[in-house]
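Quantities reported herein were computed from a predicted structural model and do not represent experimental measurements. In what follows, residues are counted from 1 in the order of the sequence shown.
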Amino acid sequence: MNTEHPKRIWVTGAGDGLGHALALHLLTLGHQVAVSGRAPLAPLPEQLAGQCLILDGDLSDSAHAERMTQCIQEHWGALDTLILNAGTCDYLDDQAQGTAMLEALIASNLAASRNGLDSALPLLVAGQQAHVVGILSSLTALQQHESSQWPTAQNSLGQWFSEARARLSPMEIDLTLVAPQTLKKPITQSIALPQQWTAESAALAIIDRLPLRMPEMVLEALSMSSLWPLRR
């Protein structure tokens, strides 16, 4: 990823795992990075702290999302890249399990993605060659409620990102979706085999490909917990 012109980048879900690794590598490359996620966030090296903007709050709450983007506006005035890491990092009710836990997880990440993009859109419009990146895990890529229904923006994060791409295109904002392969909407004709990704290796692979602005990237992970640790 070219750093001759450092970008202003917001990484959500950056408390730990893949989101934290993305933020760390982008900072190391010299970009200005804002991070948000469920507290406490994993620490960053002291020498990179000056390039990092810590955003406190719950992105699934629209009022919190507005406060986060106001903070970016005050510090940078615009945003070039928004990385919506909608994996599985979430606080879950100790009683939640099975289908209830899965539906709560998808609903939370849908709300956070929607609030993040809606609140950041004016900053992206003011940015340089703006780019939105959505990242899904094998859980958040699933469809909420009855899986026999056709996916919509209300029950599927993948479909929501697809519709967001159509909304962003007239504004010349590209959207890349990083997600596992799905049977209903396959990205490639060949089967992508799961790999033993670590948070660091997956982050580097994604960052290396960001300049290509691909509409879709397939990310199949053998171990989901290494990329998106669950919190309770």
Side-chain angles (χ1 to χ4, degrees), residues 1 7-23 25-26 31 33-38 41 53-55 57-62 64-69 71-72 78-90 105-125 127 130-142 144 151 153-169 171 173-180 199 202-203 205-207 209-210 213-219 221 224 227-228:
M1 191 174 181
K7 294 183 181 297
R8 297 156 293 186
I9 303 171
W10 179 9
V11 183
T12 75
D16 53 17
L18 177 57
H20 183 267
L22 284 165
H25 287 299
L26 289 166
H31 298 289
V33 180
V35 297
S36 62
R38 297 301 178 104
L41 275 69
L53 183 61
I54 307 296
L55 304 176
D58 179 356
L59 199 56
S60 64
D61 184 314
S62 59
H64 287 210
E66 289 294 339
R67 287 204 299 270
M68 293 183 200
T69 51
C71 184
I72 295 175
L79 194 63
D80 304 313
T81 304
L82 171 63
I83 300 179
L84 294 167
N85 176 33
T88 61
C89 292
D90 210 341
L105 193 63
I106 295 173
S108 174
N109 279 282
L110 262 168
S113 299
R114 183 180 298 111
N115 292 339
L117 180 57
D118 286 349
S119 62
L121 190 54
L123 294 172
L124 290 164
V125 170
H131 190 191
V132 174
V133 181
I135 305 176
L136 306 184
S137 70
S138 58
L139 285 184
T140 56
L142 295 174
Q144 193 178 19
Q154 285 69 49
N155 65 21
S156 165
L157 266 166
Q159 182 61 28
W160 181 83
F161 275 110
S162 293
E163 295 187 16
R165 178 183 289 116
R167 172 187 169 196
L168 296 172
S169 181
M171 306 177 202
I173 300 174
D174 293 326
L175 187 147
T176 296
L177 179 60
V178 183
I206 292 169
I207 290 169
R209 291 163 177 78
L210 285 184
R213 294 175 174 257
M214 302 160 63
E216 315 273 357
M217 292 187 208
V218 177
L219 178 62
M224 192 177 65
L227 302 185
W228 301 281

**Study point:** Residue pair L121 / M171, side-chain heavy-atom distance below 4.5 Å
**Key:** yes

Point to revise | Heavy-atom closest pair, residues A153 and R114 | key: O-NH2, 3.7 Å

Check your understanding: Which pair of heavy atoms, one from W160 and one from S113, lies closest together, and at what distance?
Key -> CH2-O, 3.4 Å

**Study point:** Option from D80, V132, L168 for which side chain to side chain contact (heavy atoms under 4.5 Å, CB included) with L124 holds
**Key:** V132

Point to revise | Side-chain donor or acceptor of S119 paired with backbone N/O of G116 under 3.5 Å | key: yes

**Study point:** Euclidean distance, D174 CG relative to T81 OG1, rounded to 0.5 Å
**Key:** 10.0 Å

Check your understanding: Are the side chain of T140 and the backbone N or O of A86 linked by a donor-acceptor pair below 3.5 Å?
Key -> yes

Point to revise | Nearest atoms (heavy-atom pairs only) where S138 meets L142 | key: O-CG, 3.3 Å

Check your understanding: With R67, which residues qualify under salt bridge (charged side-chain N to carboxylate O under 4.0 Å, His left out), at least two apart?
Key -> none

**Study point:** L117 and R167: CA distance, side-chain angles, deciding distance, side-chain contact (heavy atoms from CB on, under 4.5 Å) verdict
**Key:** CA-CA 11 Å; L117 180 57; R167 172 187 169 196; 4.3 Å; yes

Check your understanding: Going from CG on L84 to OG on S36, what distance comes out if it is rounded to the nearest 0.5 angstrom?
Key -> 9.0 Å

Check your understanding: Roughly how far, to the nearest 0.5 Å, is CD1 of I206 from CD1 of I135?
Key -> 4.0 Å

Exercise for review: For A34, enumerate each residue passing the side chain to side chain contact (heavy atoms under 4.5 Å, CB included) test, keeping only those at least two apart in sequence or located in another chain.
Suggested key: W10, L53, L55, I72, W76

**Study point:** Side-chain touch L110/N155, heavy atoms, less than 4.5 angstrom
**Key:** no

Point to revise | Under the side chain to side chain contact (heavy atoms under 4.5 Å, CB included) test, residues paired with A107 that sit two or more places apart | key: Q144

Exercise for review: Measure from the side-chain N and O atoms of T12 to the backbone N and O of N85, and report whether any donor-acceptor pair falls under 3.5 Å.
Suggested key: yes

Review point. Looking only at heavy atoms, what is the nearest atom pair of V35 and A23, with distance?
Key: CG1-CB, 3.5 Å

Review point. Is any side-chain heavy atom of L22 closer than 4.5 Å to a side-chain heavy atom of V33?
Key: no

Check your understanding: Which distance, rounded to the nearest 0.5 Å, do you find between the CD of E66 and the CG of L59?
Key -> 10.5 Å

Review point. Looking at NE2 of H31 and CD1 of I207, how far apart are the two atoms once the value is rounded to the nearest 0.5 Å?
Key: 7.5 Å

Revision key, fill the gap. Shortest non-hydrogen pair, H25 vs A203, comes out as CD2-CB, 3.9 Å

Practice item. Please report the C-alpha distance between L136 and L177 in whole Å, then the side-chain angles of each, then the deciding distance to 0.1 Å, and finally whether the side-chain contact (heavy atoms from CB on, under 4.5 Å) criterion is met. Key: CA-CA 8 Å; L136 306 184; L177 179 60; 4.0 Å; yes

**Study point:** For the student: nearest non-hydrogen atoms of A141 and P180, plus distance
**Key:** CB-CD, 4.0 Å

Check your understanding: Could you state the interatomic distance from CG (L227) to CG (D16), rounded to the nearest 0.5 Å?
Key -> 11.0 Å

Review point. Taking atom CZ of R165 as the centre, does the number of heavy atoms from other residues, nucleotides or ligands within less than 6.0 Å exceed 12?
Key: yes

Practice item. Pick out which of R213, H131, E216 makes a side chain to side chain donor-acceptor pair (under 3.5 Å) with T176. Key: H131

